[in-house]
Amino acid sequence: MRNVRWTGLCALALGLLTAIAPKPALAHHSMSAYDSSRSVTLKATITNFAWTNPHVQIQFEVRDDNGNVVPWMAECPSPGRLSKRGWSESTLKPGDQVTIIGNPAK
């Protein structure tokens, strides 16, 4: 009987400790700055590809309807996540012609 009571008390203490202990955040930040209800498709020329943490950045230029060159920047996942999908530091180079599809900032 004494062992059952001690086991029950330990289980209760462990349950309470688990309930009040701090838990890690599931996401490091939200995507609320981007308009997930729409996406844009841009024909672009790469000007810089920064393979850096915490986010890879792609700088590029797009011609608007009047033929003017407009600079843009895209934020990508981390180098670690991109490398798991086959990307590397040399995936994009200045001058590369690409099509970029993404959610614009709000």
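Computed from a predicted structure; not experimentally measured.
- Once rounded to the nearest 0.5 Å, the distance linking CH2 of Trp51 with OG of Ser78 reads 8.0 Å.
- Between the side chains of Gln59 and Thr47, no donor-acceptor pair is found at a separation under 3.5 Å.
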- Task: Start with the C-alpha distance between Ile46 and Ile58, add both sets of side-chain angles, then the distance that settles side-chain contact (heavy atoms from CB on, under 4.5 Å), and finish with yes or no.
- Result: CA-CA 7 Å; Ile46 302 299; Ile58 304 171; 3.5 Å; yes
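- Nearest heavy-atom pair across Ser36 and Asn103 is CA-ND2, 3.7 Å.
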- Query: Which is it for Phe49 and Asp96 under the side-chain contact (heavy atoms from CB on, under 4.5 Å) test, yes or no, and what are the steps along the way?
  - Reply: CA-CA 10 Å; Phe49 183 57; Asp96 285 352; over 6 Å; no
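- The distance from the OG1 atom of Thr99 to the CG atom of Leu42 is 9.0 Å, given to the nearest 0.5 Å.
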- Message: Please determine whether side-chain contact (heavy atoms from CB on, under 4.5 Å) holds for the pair Phe60 and Met73, giving the CA-CA distance in whole Å, both sets of side-chain angles, and the decisive distance to 0.1 Å.
- Response: CA-CA 6 Å; Phe60 54 97; Met73 194 275 295; 5.7 Å; no
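- When the options Gln97, Arg63, Glu61 are evaluated for a side chain to side chain donor-acceptor pair (under 3.5 Å) with Thr45, the one that passes is Gln97.
- Within the 3.5 Å criterion, the main-chain N or O of Asn68 finds no donor-acceptor partner in the side chain of Asn66.
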- Pair Leu92-Val98, side-chain contact (heavy atoms from CB on, under 4.5 Å): steps then yes or no: CA-CA 9 Å; Leu92 296 174; Val98 298; 3.9 Å; yes
Can I get a per-line list of side-chain donor-acceptor pairs under 3.5 Å for residues 79-87, giving both atom names and the distance, sequence neighbours left out?
| from | atom 1 | to | atom 2 | distance (Å) |
| --- | --- | --- | --- | --- |
| Ser83 | OG | Pro79 | O | 3.2 |
| Ser83 | OG | Gly80 | O | 2.9 |

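- Heavy-atom minimum distance, Ser39 versus Pro104: CA-CD, 4.3 Å.
- Closest approach of Thr91 to Lys93, counting heavy atoms only: O-NZ, 4.2 Å.
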